[in-house]
Structure formats: C-alpha cells, structure tokens
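Reading through the structure tokens given below for one structure.
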Amino acid sequence: MLTLAAPTLLAIPIANQDEPFVDLAAYPEWHADLSRSQISSRSPHFLKARRAVAERLRDAARRLPDGLKLYVKEAYRPLARQQRSYDEHLVRLRRLRPELDEAARLREASLYVAPPAVAPHPTGAALDVTLMNAAGQELDMGCPFNADSEESNGACYTDAAGLSETARANRAVLIAAMTAAGFINYPSEWWHWSYGDRYWAAVTGAPAALYAAVDESLLESA
C-alpha cells in the first residue's frame, strides 16, 4: 500500500485554497459531540473541517441505510499535536520493534500516525468516522476506533482478514457511503477518510493537494 511515509507525497504541490472551516458539531446529519470524545481536552477545534469536506460528509450521511448515522470522532488536529503524537509513536516503536531499521520504523509509524509534513488532519481535510445506530450505540467495526495494529492484531486495516460477518458488513456500509461521496480511505485505519490532502491527490491522480496545514490560532473565529 501507499503509505504516508512515501517520499513522493512531499513532491505533490499544494494549491492552498483559502477555504473556510466549519463546525461539524452544528450539522444534524451526523453525531459529533466533543463531550463524548476521548480527545475533547486537546483542542476546542477538533470538530472543525473544510467546508467542502463537510459538504461531502453530508452526502455520505445521506447515503446510509435508514436507522444509521455517522459518528465523527475527530477532524482538525493542531500541527503541534500531530508532531507530539508522531514523536511518541516513534519512541513506542523503538521499544516494541527494536529489529526495525530507521527507514522501516518511519514507514511503520506512518501506518498509524502521519508524518507532520504530509498529515491530513492539520489541513482540515481528514475525518475519523464510524457508524452508530438510532439508539446512539456505535456499531461493531471489528476493532475500536484508534486501535493500532499491535493493539488490534491487524484488525485496524480496512480490509483486514478474520473479521466477523457483522463487522465486515458494517465496514462495507461505511466504505460505500464515504467512497461515493469522494473520500479516500487510509488502508491501515478503517476510520480515517480524507478529501483534498496530499494522500488524496496521490491516490486520485489530482495535480495538487487542495489544502495546506493551518495553525490552530487561525480557527478561533471559525
């Protein structure tokens, strides 16, 4: 698979469209609630995304079967937080996988935390989403949101083998809706979808990424 550690991603130009951010918590088409999120204490802007991303997410939500709803776990992530998460994961990999050389370690790290230079979340282009039913319960997706390969025994991969029929069917529903709306999945994280970032450009063949990373201070009025 193409990973976020691929050097070719850095060569993709960025159009840097000046597109506003919107608050995903204000949309009725999906569930987005910072009070229920394990990341709510990190930033007041974690549920903000580019307007075109929100419009495509609305399209995806309308494609779901009756009784199901998208649950947005995270959208924007400050670049400083991305850097800390990346550095922390590298330290963890050095401890858990000492047999890896540095190049292999960087590739392995990128399967779970994107290198800051190409990370989609700080641009407002990426979403972490799952599904919930009408009772507000999250569906069985085969492993918890944000579980890495070690924690999930590889079940975090979108096309992982060994999933239950229920989990595979639920993933198929999410995949169909998000793909039809124009999003690209990162194959090592079933929950991660993006539109307009460098990874999206590489996979779709777009001549440039649409969005550059944005400093958190610029989102105060968004």
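Along the sequence shown, residues carry numbers from 1. FYI, side chains are in, hydrogens and waters are out, and symmetry mates aren't considered; it's all heavy atoms of this structure.
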#### Entry: Atom CG of N153: over 12 foreign heavy atoms under 6.0 Å
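Count not over threshold, so no.
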### Query
Heavy-atom count around D18 CG within 6.0 Å, excluding the residue itself: above 12?
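Not buried by this count: 12 neighbours or fewer within 6.0 Å.
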Quick check: do [X] and [Y] have side-chain heavy atoms less than 4.5 Å from each other?
X	Y	result
M178	R56	no
L127	E74	no
E108	L100	yes
F21	V214	yes
L106	P115	no
Y27	V22	yes
H121	L79	no
Y195	L57	no

Donor-acceptor under 3.5 Å ([X] side chain, [Y] main chain):
X	Y	answer
R198	V118	no
R50	T123	yes
S152	C156	yes
W30	L24	yes
N16	Y211	no
S194	D197	no
Y76	E216	yes
T179	A176	no
H31	L70	no
S188	L111	yes

### Task
Any pair with a residue in residues 151-180 that passes ring-ring contact (aromatic ring centres under 6.0 Å, His included), sequence neighbours left out, goes on the list, sorted by first then second residue, please.
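For residues 151-180, and leaving out neighbouring residues, there are no ring-ring contact (aromatic ring centres under 6.0 Å, His included) pairs at all.
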Using 0.5 Å steps for rounding, measure from the [atom1] atom of [X] to the [atom2] atom of [Y].
X	Y	atom1	atom2	value
L139	N170	CG	CG	4.5 Å
K73	N146	NZ	CG	9.0 Å
T3	L9	OG1	CG	7.5 Å
R58	E29	CZ	CD	4.5 Å
E189	D128	CD	CG	6.5 Å
W191	F145	CH2	CZ	7.0 Å

[X] to [Y] - nearest heavy-atom pair and separation:
X	Y	value
Q82	A114	NE2-O, 2.9 Å
P120	H192	CG-NE2, 4.0 Å
A208	A15	CB-N, 4.2 Å
D140	G142	OD1-N, 2.9 Å
W200	G182	NE1-O, 3.9 Å
H45	L219	CE1-O, 3.4 Å

Considering only NZ, NE, NH1 and NH2 on the basic side and carboxylate oxygens on the acidic side, decide whether [X] and [Y] come within less than 4.0 Å.
X	Y	value
R94	E102	yes
R63	D59	yes
D159	R171	no
R168	E165	no
E88	R81	yes

### Query
Can you list the residues that meet the side-chain contact (heavy atoms from CB on, under 4.5 Å) rule with N185, with sequence neighbours excluded?
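N185 satisfies side-chain contact (heavy atoms from CB on, under 4.5 Å) with T158, W193 only.
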Hydrophobic cluster identity match, [X] and [Y], side-chain contacts under 4.5 Å:
X	Y	result
I12	M1	yes
L10	I14	no
I175	L68	yes

### Query
Can the ring centres of Y199 and Y186 be said to be less than 6.0 Å apart?
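Between Y199 and Y186, the centre distance is under 6.0 Å.
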